[in-house]
Amino acid sequence: MSCACCSQGGFMRWSSYFIPTLREDPADAEVASHRLLVRAGYIRQLTAGVYSLLPLAQRVRLKIMQIIREEMNRIGGQEYFLPAIHPAELWKESGRWEVMGDNMFRLRDRKGADMGLGMTHEEVFTSIARNAINSYRQLPQIWYQMQTKFRDEARPKSGLLRVREFTMKDAYSFDVDRAGLDKSFKDQYSAYCAIFDRCGLKYTPVQASSGAMGGSESTEFMVRTDAGEDHIAVCEKCGYAANVEKATSRLPDPGDEDGPAAPETFPTPGVRTIEDLINFPGGAPADRQIKTLVYILDDKVALVLMRGDHELNETKLIDSTGSLNVRPAHADEIREALGASAGSLGAVGVSSSAGGKVSLIIADDTLKGRRNMTTGANRDDHHLRGVSIERDIRVDKWASLRTVKSGEGCPSCDGALDVFKAVEVGHIFKLGTKYSDSMGARVLTAEGAEVPIVMGSYGIGVERLMAAVVEFSNDEAGIIWPVSVAPFHVIITVTNVKDEALSTAGEKLYEELTAAGVEALLDDRDERAGVKFNDADLIGVPFRITVGKKLKEGKVELLNRATRKSEDVEIAKVLDSLRVILVRQ
RNA sequence: CGGGGCGUGGCUCAGCCCGGUAGAGCGCUCGGUUCGGGACCGAGAGGUCGUUGGUUCAAAUCCAAUCGCCCCGACCA
């Protein structure tokens with residue numbers, strides 16, 4: 001039902017309300033949420049990755065924001081409203097002015113000072129905290145806001161799912177110590193669950209990489225959909241769940257046998273790929289090959305060793321090496337480093353110690369202890385067999401680098417992993433003292449020691465959440481909103497407005513429901529019933545009251561948009577029926 | 001940033017190869033008939049064919065540049 005704080009009154013008659021539905025699908029929309037939000041008159045694109053929210057969408061957005069606000073306040077959050085435009089100095093202090101690169105929108109004021117549009121607000125909140133918080137007695141604090149965030153994404157896509165300008169609820173916790181942070185983090189975790197539950201979503205919290213923002217215990221809240229860009233691995237049996245940028249899996253023992261005492265070179269003319277070597281006489285199956293990838297990590301050459309049938313996850317490579325810029329080496333860089341071309345590369349005999357061109361040899365954990373393997377010989381058209389990793393290769397670092405696949409063993413029980421696509425609607429993680437250290441936000445403890453404030457960061461993308469609900473809940477006819485975030489609870493469809501009796505009955509019902517706090521939209525347009533039914537389905541209002549032919553018996557139809565089930569209700573009892581239904585939702 | 005595609009009334013698209021008076025459906029306006037799952041008939045309004053330059057007697061159409069948008073990849077709280 002409606003609440004005083006977000007009441008959105010006014011005469012909600014479709015004939016004068018702006019809901020520009022489209023009869024056909026927009027040409028440039030691929031994913032369901034994009035297609036439906038445009039077609040149902042919720043959003044319009046202004047430019048790539050930038051959308052206008054029309055009245056219906058703004059109603060949904062405000063409802064989502066109100067749910068978030070209530071749950072943040074419940075755990076002691078205090079709402080702020082911070083600037084979107086930030087001085088470069090602040091971001092230089094934290095080091096992110098450089099780190100963010102092209103993803104940050106930048107501008108210059110009339111005096112020539114560099115400014116940036118906020119991507120998140122760690123810096124601004126920390127700058128407030130460092131000036132005003134000096135004592136452990138002032139902690140903990142939970143501060144949050146909902147503000148427009150700007151990110152100059154290289155490739156905006158999928159409607160509201162990946163944009164360059166969007167509303168984010170971002171919250172930050174400030175504690176004296178790790179124990180305090182642990183508590184703040186747990187509170188946020190449960191608040192996030194409450195928020196997504198209330199939005200009617202099925203979601204999965206997963207372990208994740210923290211990315212450029214830095215931090216630990218990164219947890220993403222994911223909603224399963226093929227429109228999502230992330231892949232997550234989930235074990236139904238024990239509940240293990242992780243982004244593939246983080247996930248590990250349990251693989252069967254390869255059962256290697258002893259090979260020769262030293263690697264043997266053999267000619268492999270024309271062999272360039274793992275596949276080629278499988279089929280080559282005297283070659284090896286993919287899981288007995290060592291794949292050697294050459295990467296440039298912050299301008300240094302690194303060899304990345306993977307099992308032949310495994311795929312590298314670049315985020316894992318970044319996380320495990322602490323690199324900022326990572327890319328595959330170009331053909332000429334490869335030849336210069338190893339003296340051979342891709343297809344014949346290997347790490348045997350290569351050393352990262354002084355003088356060499358290679359500065360790091362990093363290998364995936366699954367190669368540990370492997371013996372009698374086959375790999376490139378660093379001589380075109382030649383390979384080595386009988387390679388035992390620990391004996392023959394000087395690995396500098398072992399790490400989990402591979403991308404797990406569906407069906408592989410769960411790392412924490414004897415179940416199996418399911419890997420699927422999902423969209424990230426929320427992200428919480430422990431920042432620790434990253435920003436308080438770099439920006440000098442310190443407090444005195446009870447013992448009189450000066451310590452950096454321990455921080456946490458907690459974000460939710462509001463419009464993305466809206467789109468995720470649509471992805472999660474729609475059918476061929478349109479959107480199906482849960483009551484909690486629906487733009488209206490009920491739509492009253494008058495089948496023929498030229499019929500005085502129907503019109504009057506519709507108006508009366510509308511007045512009655514509205515007075516009772518039910519958010520109703522009266523479809524009083526002079527359109528044929530079919531058009532109105534289709535539009536009602538499209539915009540996704542959860543219940544429809546049809547004022548039509550049953551009126552003669554003093555009844556109207558009450559239809560559930562999601563189940564398509566309808567019942568005839570005496571017009572005098574509509575409000576009661578709705579009350580029961582809406583409360584139950 | 002690499003690859004591909006597309007810019008023609010409000011929307012979805014045809015016309016472009018092969019240069020010669022700008023089209024359809026939907027939507028919109030007016031009149032009439034209809035009226036419970038995107039009606040029908042009649043009459044209308046509405047377009048610098050993304051932009052700039054070039055070729056030509058003549059350019060939506062050919063050439064060049066440029067801008068924008070979409071998709072795939074790279075990248076990404």
Side-chain angles (χ1 to χ4, degrees), chain A residues 20-31 34-35 38-39 41 44-50 96 99-104 118-122 147 149-159 161-164 166-172 208-215 218-221 229-230 243 245 314-315 318 324-328 330 423-429 431 457-462 464 476-478 493-499 502-503 523 525-538 544-552 556-557 559 564 566:
Chain A
T21 58
L22 268 23
R23 187 178 287 246
E24 291 171 85
D25 280 337
D28 53 6
E30 300 271 314
V31 305
H34 185 198
R35 183 169 51 78
V38 171
R39 186 141 105 86
R44 287 294 184 264
Q45 179 172 316
L46 222 210
T47 184
V50 180
R96 296 160 99 201
V99 171
M100 288 310 176
D102 287 340
N103 277 337
M104 190 169 199
M119 304 176 71
T120 60
H121 282 70
E122 278 86 352
Q147 235 291 19
K149 299 293 192 282
F150 298 89
R151 294 184 186 179
D152 196 0
E153 292 280 350
R155 186 146 97 81
K157 57 181 287 201
S158 306
L161 287 179
R162 178 139 143 200
V163 292
R164 299 195 294 169
F166 61 100
T167 311
M168 177 196 256
K169 183 286 298 181
D170 50 326
Y172 305 89
S209 156
S210 345
M213 301 302 176
S218 176
T219 301
E220 293 169 337
F221 289 81
E229 301 186 274
D230 285 294
N243 194 304
E245 295 173 350
E314 287 193 3
T315 301
I318 290 170
L324 292 177
N325 288 302
V326 164
R327 64 167 174 86
H330 301 140
V423 62
E424 174 192 354
V425 292
H427 193 176
I428 64 177
F429 54 98
L431 288 172
S457 169
Y458 318 94
I460 293 178
V462 176
R464 180 185 276 185
E476 323 72 53
T493 302
V494 177
T495 56
N496 184 354
V497 293
K498 285 183 182 147
D499 183 323
L502 298 182
S503 259
D523 191 350
R525 293 175 299 166
D526 183 11
E527 289 287 351
R528 296 168 67 83
V531 172
K532 299 167 98 165
F533 291 154
N534 283 322
D535 270 348
D537 288 349
L538 221 209
R544 187 183 87 205
I545 295 170
T546 310
V547 181
K549 54 193 177 192
K550 304 265 170 53
L551 187 67
K552 287 189 289 249
V556 293
E557 254 171 70
L559 173 82
R564 308 249 88 175
S566 77

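For the pair Asp25(A) CG and rC13(B) C1', the computed distance is 14 Å after rounding to whole Å.
Among the atoms of the strands shown, only primed sugar atoms or phosphate atoms (P, OP1, OP2) are found under 4.0 Å from some heavy atom of Glu30(A).
Nearest nucleotide to the Leu22(A) side chain, out of rG27(B), rA39(B), rC11(B): rC11(B). With rC35(B), rG36(B), rG38(B) as the candidates, the nucleotide lying closest to the side chain of Asn496(A) is rC35(B).
The base of rG38(B) is paired with the side chain of Asp535(A) by a donor and an acceptor separated by under 3.5 Å. In this model, a side-chain donor or acceptor of Arg544(A) finds a partner on the base of rG37(B) within 3.5 Å. Side-chain N/O atoms of Glu527(A) and base N/O atoms of rG38(B) include no donor-acceptor pair closer than 3.5 Å.
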Find every protein N or O atom lying less than 3.5 Å from an N or O atom of nucleotides 42-47 of chain B, and list the pairs.
none

Nucleotides 32-34 of chain B: which of its N/O atoms have a protein N/O under 3.5 Å away?
from	atom 1	to	atom 2	distance (Å)
rU34(B)	O2	Arg528(A)	NH1	2.8

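The shortest distance between the side-chain N/O atoms of Gln45(A) and the OP1/OP2 oxygens of rC70(B) is below 4.0 Å. Close to rG27(B), at under 4.0 Å from its OP1 or OP2, lies a side-chain N or O of Arg23(A). At the phosphate of rA74(B), neither OP1 nor OP2 sits under 4.0 Å from any side-chain N or O atom of Arg155(A). Within the structure, a side-chain polar atom (N or O) of Thr47(A) is placed less than 4.0 Å from OP1 or OP2 of rC69(B).
Here the separation of rC6(B) from rG50(B), taken at their P atoms, is 13 Å to the nearest Å. Across the P atoms, rG10(B) and rC63(B) are found 28 Å apart, a figure rounded to whole Å.
Minimum interatomic distance between Asn243(A) and Glu220(A) (heavy atoms only, all atoms of both residues): ND2-OE1, 2.8 Å.
There is a side-chain donor-acceptor pair under 3.5 Å between Arg96(A) and Thr120(A).
We find that Lys157(A) and Glu30(A) are not joined by a salt bridge, their nearest charged nitrogen and carboxylate oxygen being 4.0 Å or further apart.
If Leu559(A) and Ala27(A) are placed on RNA chain B by their nearest nucleotide, the residue sitting closer to the 5' end is Ala27(A).
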